[in-house]
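Positions are given from 1, in the same order as the sequence printed here.
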Amino acid sequence: MNDSWSAYGVEMHSRLLLGTALYPSPEVMQQAVAASGAEVVTVALRRQAPANGGGNTIWDFIRRLDRRLLPNTAGCHSAREAVTLAKMSREIFHTNWIKLEVIGDDYNLQPDPFQLVEAARELVADGFAVFPYCTDDLVLCQRLLDAGCEVLMPWGAPIGTGQGLVNPYALETLRARLPAVPLIVDAGLGVPSHAAAAMEMGCTAVLLNTAVARAAVPEAMARGFRAGVEAGRTAWLAGAMPKRQTAEPSTPVLGTPFWQQ
């Protein structure tokens with residue numbers, strides 16, 4: 001069965017996207033990416049700075065991964081700052097894909113909805129394929145689509161918290177109201193069951209970093225998330241049984257001859 005999905009005209013088969021930061025070594029990062037099966041990895045220009053000679057070692061390892069890069073604007077607090085960094089990333093990484101982050105609160109790293117929409121509108125007009133990191137607010141997501149985004153990346157929980165899906169209702173609402181839009185749950189996932197839950201509700205993919213990079217054995221955790229994503233996606237395609245308020249026996253006896261009971 002071909003269960004591929006596409007973003008900005010690019011077909012992909014893995015529904016797990018992985019970050020490349022925070023690993024104890026470049027070698028461990030390579031092993032985790034390979035184990036995850038991810039076809040897309042995120043990279044932060046400010047951390048790697050390959051154009052300035054900074055972070056060349058990790059940048060060399062990332063290039064050897066042979067994965068599609070999704071540069072991000074991590075650390076930006078205004079639309080202007082994010083747009084400038086996105087343009088630099090396009091020149092350095094040779095891709096028009098950009099994960100757009102504009103942080104509005106330094107405590108929980110919540111995106112600034114106003115600056116995010118402003119930056120998205122300008123970047124789309126400049127030819128970027130924008131992957132906006134946003135909250136799970138329906139109106140904000142609609143405004144991002146109006147700005148020209150073709151993909152949404154709502155958070156599961158604040159970055160690095162490992163809390164999982166703190167507002168499943170909001171994510172289910174996004175899936176129901178925007179059925180044709182790729183939804184990539186980004187941030188806050190801590191264990192594979194969190195990824196499975198997101199996929200079970202029909203989300204398109206998940207993106208994570210800390211849960212794998214900070215695990216005792218990152219390679220093993222990457223395999224776990226890969227399995228969780230696949231299990232959740234399979235459950236969504238199979239169709240879950242409806243929830244009930246009362247018990248129902250798996251072996252009914254009503255209407256069954258007494259000799260078969």
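- The shortest non-hydrogen separation linking P111 to T135 is CD-CG2, 3.8 Å.
- Contacts classified as salt bridge (Lys or Arg N to Asp or Glu O under 4.0 Å) and involving residues 106-124 (residues at least two apart or in different chains) are given here: R80-E122.
- Note on residues 19-38: no pairs pass salt bridge (Lys or Arg N to Asp or Glu O under 4.0 Å), not counting sequence neighbours.
- No path of Ile, Leu, Val, Met, Phe, Trp and Tyr side chains, each step under 4.5 Å between heavy atoms, connects V206 with Y133, placing them in separate hydrophobic clusters.
- Among residues two or more places apart in sequence or in another chain, the side-chain contact (heavy atoms from CB on, under 4.5 Å) test is passed with L138 by Q142, T173, L174, R177, L178.
- Applying the side chain to side chain donor-acceptor pair (under 3.5 Å) test to residues at least two apart or on different chains, the pairs with a partner in residues 93-105 are K99-E101, K99-D186.
- Scanning both residues, V212 and A32, for their nearest heavy atoms gives CG1-CB, 3.9 Å.
- Residue pairs satisfying the salt bridge (Lys or Arg N to Asp or Glu O under 4.0 Å) criterion with at least one member in residues 124-149, sequence neighbours excluded, are listed as follows: R90-D126, R143-D146.
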- Task: Go through the steps for F93 and L45 under the test side-chain contact (heavy atoms from CB on, under 4.5 Å), then give the verdict.
- Result: CA-CA 9 Å; F93 297 119; L45 174 61; 4.1 Å; yes
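- In the hydrophobic cluster analysis, where Ile, Leu, Val, Met, Phe, Trp and Tyr join through side-chain heavy atoms closer than 4.5 angstrom, L208 is grouped apart from I103.
- By the criterion of side-chain heavy atoms lying less than 4.5 angstrom apart, applied directly or through intervening Ile, Leu, Val, Met, Phe, Trp or Tyr residues, V10 is grouped together with L18 in one hydrophobic cluster.
- Contacts classified as side chain to side chain donor-acceptor pair (under 3.5 Å) and involving residues 149-161 (residues at least two apart or in different chains) are not found.
- Applying the side-chain contact (heavy atoms from CB on, under 4.5 Å) criterion to A197, with sequence neighbours excluded, gives L165.
- The backbone N or O of T42 sits less than 3.5 Å from a side-chain atom of T20, completing a donor-acceptor pair.
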Side chains of residues 226-237: which donor-acceptor pairs under 3.5 Å do they make with residues two or more places apart or in other chains?
{"residue": "R226", "atom": "NH1", "partner": "A35", "partner atom": "O", "Å": "3.4"}
{"residue": "R233", "atom": "NE", "partner": "D3", "partner atom": "OD1", "Å": "3.3"}
{"residue": "R233", "atom": "NE", "partner": "D3", "partner atom": "OD2", "Å": "2.9"}
{"residue": "R233", "atom": "NH2", "partner": "D3", "partner atom": "OD1", "Å": "2.8"}
{"residue": "T234", "atom": "OG1", "partner": "E230", "partner atom": "O", "Å": "2.8"}

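- The two residues A38 and S14 have their closest heavy-atom pair at CA-OG, 3.6 Å.
- Counting heavy atoms from C-beta outward, L144 and C134 have side chains that approach closer than 4.5 Å.
- Under the ring pair (Phe, Tyr, Trp, His ring centres under 6.0 Å) criterion, Y8 pairs with F131, not counting sequence neighbours.
- Looking only at side-chain heavy atoms (C-beta outward), T210 and L22 come within less than 4.5 Å of each other.
- Looking only at distances, no side-chain donor or acceptor of R175 sits under 3.5 Å from a matching main-chain atom of C203.
- Judged by distance alone, the side chain of T204 and the main-chain N or O of L183 form a donor-acceptor pair under 3.5 Å.
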- Could you please spell out the steps behind the side-chain contact (heavy atoms from CB on, under 4.5 Å) verdict for L65 and M29? CA-CA 10 Å; L65 293 174; M29 181 268 293; 3.7 Å; yes
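- Remark: E91 pairs with no residue by the side chain to side chain donor-acceptor pair (under 3.5 Å) rule, at least two apart or across chains.
- For residues 240-251, every residue pair satisfying the salt bridge (Lys or Arg N to Asp or Glu O under 4.0 Å) rule, not counting sequence neighbours, is listed here: R244-E248.
- Not counting sequence neighbours, the partners of Q110 by the side chain to side chain donor-acceptor pair (under 3.5 Å) test are N108.
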